[in-house]
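Counting starts at 1 for both ligands and their atoms, following the listed order.
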Amino acid sequence: MKRVRVFSACLLALSLAACSSGTNRKDAIETKVEALLEQMTLQEKIGQMNQVNPNGNLEEMIAIVKEGKVGSFLNVIDADVVNKVQKAAVKESRLGIPVLMSRDVIHGYKTIFPIPLGQAATFNPQMVEDGARVAAIEASADGIRWTFAPMIDVSRDARWGRMAESCGEDPYLNAVMGVAMVKGFQGDSLNDPTSLAACAKHFVGYGASEAGKDYNSTFIPERQLRNVYLPPFEAVARAGCATFMTSFNDNDGVPSTGNRFILKDVLRHEWGYDGMVVTDWASASEMVPHGFCADRKEAAEKAVNAGVDMEMVSATFIENLEALVKEGKVSETAIDEAVRNILRLKFRLGLFDNPYIQTDASVKYAPKHLAKAQEAAEQSVILLKNHQDILPLTDKIRTIAVVGPMANAPHDQLGTWCFDGEKAHTQTPLKALREQYGDKVRILYEPGVAYSRDKRTDGIARAVTAARNADVVIAFVGEEAILSGEAHSLADLNLKGAQPELLSALAATGRPLVTVFMAGRPLTIARQVEESDAVLYAFHPGTMGGPALANILFGKVVPCGKTPVTFPRMTGQCPIYYAHHHTGRAPSGKETLIDEIELEAGQSSLGCSSYYLDAGFGPLFPFGYGLSYTTFAYDDLKLSATELNPNEKLTASVKLTNTGKRAGTEVVQLYVRDKVGSVTRPVKELKGFQRITLQPGETQTVTFELPIRDLAFWNIDMKKVVEPGDFTLWIGTNSDEGLSTDFKVKK
Ligand code: GLC
């Protein structure tokens, strides 16, 4: 152990020297990293690159820690175990390097917030940051210091179950929300004991899995990668996201875990990233079944040489890297670079100074955390339809029929990737309605269908009877949590089980029908929207979804959510998204639909345009769509100039008026189109949004500052430039409606 004392003295001297010379903390950490790295054997370096998912055997965990064979554990959430493992690492391993404890804390730890897709629907980055901060405070109390979030995969195919974990279809929205989550998880400083190292995942292009089938290949050309899929990751890298995770998909034949173009050329050399890169779960060893590596040894070689620092659970590094270095297939320089990134993270987190935790159970489900989760849920709910202003419910309502499998589903309401939130804490809509309004209205509860996949129809009659005895029917339908998330793709987005039959039977009663959806993705709900008088979409709203929905139903809260993804009419339209390219055959609006085609129609191309005979062209609801209990008018769109050069800033403004009878919040959206480019460009791209709250009759001028540099894109020469030419700008209430005007960018 003598060497350890010498090392510690050196470290102290170097640190004092660094601090006394006034170099900033960053330099002090680099000094410590180098000093420690110099002490490490090759085996100890490789040990740091190994992340283990323990089987719960504490002795085994302590043994490999003492031998310096593990750099991080997944899924250790017992504070006592964390402290015992850290004690072994710090006191009984040769160099005393603490272990990094990690967990998927995706949308809350104990207090569960809406799923990320629901949080994106708030279009409120501050709300999203606050939610991540709550998650970090709760998770770090159990010793977790690294979370595998934010997931910022641009997701445009609702068949892909992992859309639930994303911030939707738009690169700008994913970037804004991803940065907010990083700030929330990491807090003001990574070495704050309540901070979690964030992890930008899944790098990159995973959301484009062919046919929306999870783990499938992607075929994204470099230009599309750079214009659509990379921007959110660049944004969080520049915002200081501490780690990145490689994605499962092979893109254009190269698995991300072995892709040096994205891991070195882009991430390190173009973006100057100095964080740590971890593989996804066994994605290193999976390069063998991918057919990219002949065996596990080659998988370790290709992953490390491509730029991976740490391997999640598949153990090819710990098994093979020593031999690969001896054979000259992996340089020790590459190993050193990986270990620097790992040690730097551990120093930044303050783990060497504070490896132990004093758990504080009081932070879990703290009232202020639950209040924040409720506020997030309230802002995540989207009002899709409100025929004759049936909502909010008035005090004329004396009896409510509460029906549907999601009315009282405490587990499923929490959504996918909920490891630690407990259903006992879930406030369901039924519970909230009974507690908050049970003294004012009579509540008849009949689920009608027991769970979302339940095909049995024998309960529908009782639900219909309840409906007939009520002034209004509130049907809570959608998806169980397990039907979205990882490995849960769907080939058919219609409501499952007997839910469609339940809703049709309720509609047939003629009683006013309010349908509330809880789901991990947009479902194809055209029939249910038609049958309902009002529709609310809550995704999976988390622990406090019940009170949130009760407040919205009775008007204590005015809905303000907006769709973070396009809602398809039919599954066959997927992938469907607003920022599509125009094509040479855009629909004229006079397309012939399938039922309009005459019998024995002569051979013709009908509309000769890009649409579906059986679904038309457009979505059910566009991106950015959401109604309110009030109405808003947009007037007087103005630009500061109509001709600008690339280094100028355009100011655009509109007058927004609340023309209704209630206060409300509108998400004002700014879109731009580059009408002609050296390559074809999207018909619209979101470039800004603002949440504006107005009293009835109030008018506010809403102003956007748009640097022309923000219109840059990767062009025909694979250069990121602003090309001169004609542009159109919209400011409006969603991606399909708004005031528009044109401007030019000069050379
Ligand atoms: C999973 C997911 C990834 C998650 C990791 C650890 O397979 O792809 O998002 O963070 O493994 O659980």
Proximal protein residues to ligand 1, non-hydrogen atoms under 4.0 angstrom: Asp104, Phe148, Arg162, Lys201, His202, Met245, Phe248, Asp280, Trp281, Met312, Trp417, Glu486
Axial cation check for Phe244 ring with Lys201, 6.0 Å and 45° limits: no
Within residues 135-154 or reaching into it, pairs that qualify as ring-ring contact (aromatic ring centres under 6.0 Å, His included) - sequence neighbours excluded: Trp146-Phe148
Ring centers of Phe113, His107 separated by less than 6.0 Å: no
Stepwise ring-ring contact (aromatic ring centres under 6.0 Å, His included) check, Phe539 with Phe517: CA-CA 7 Å; Phe539 293 106; Phe517 288 88; over 10 Å; no
Phe233 ring center near Trp271 ring center (under 6.0 Å): no
Check: Gln119 side chain, Pro114 main-chain N or O, donor-acceptor pair, under 3.5 Å: yes
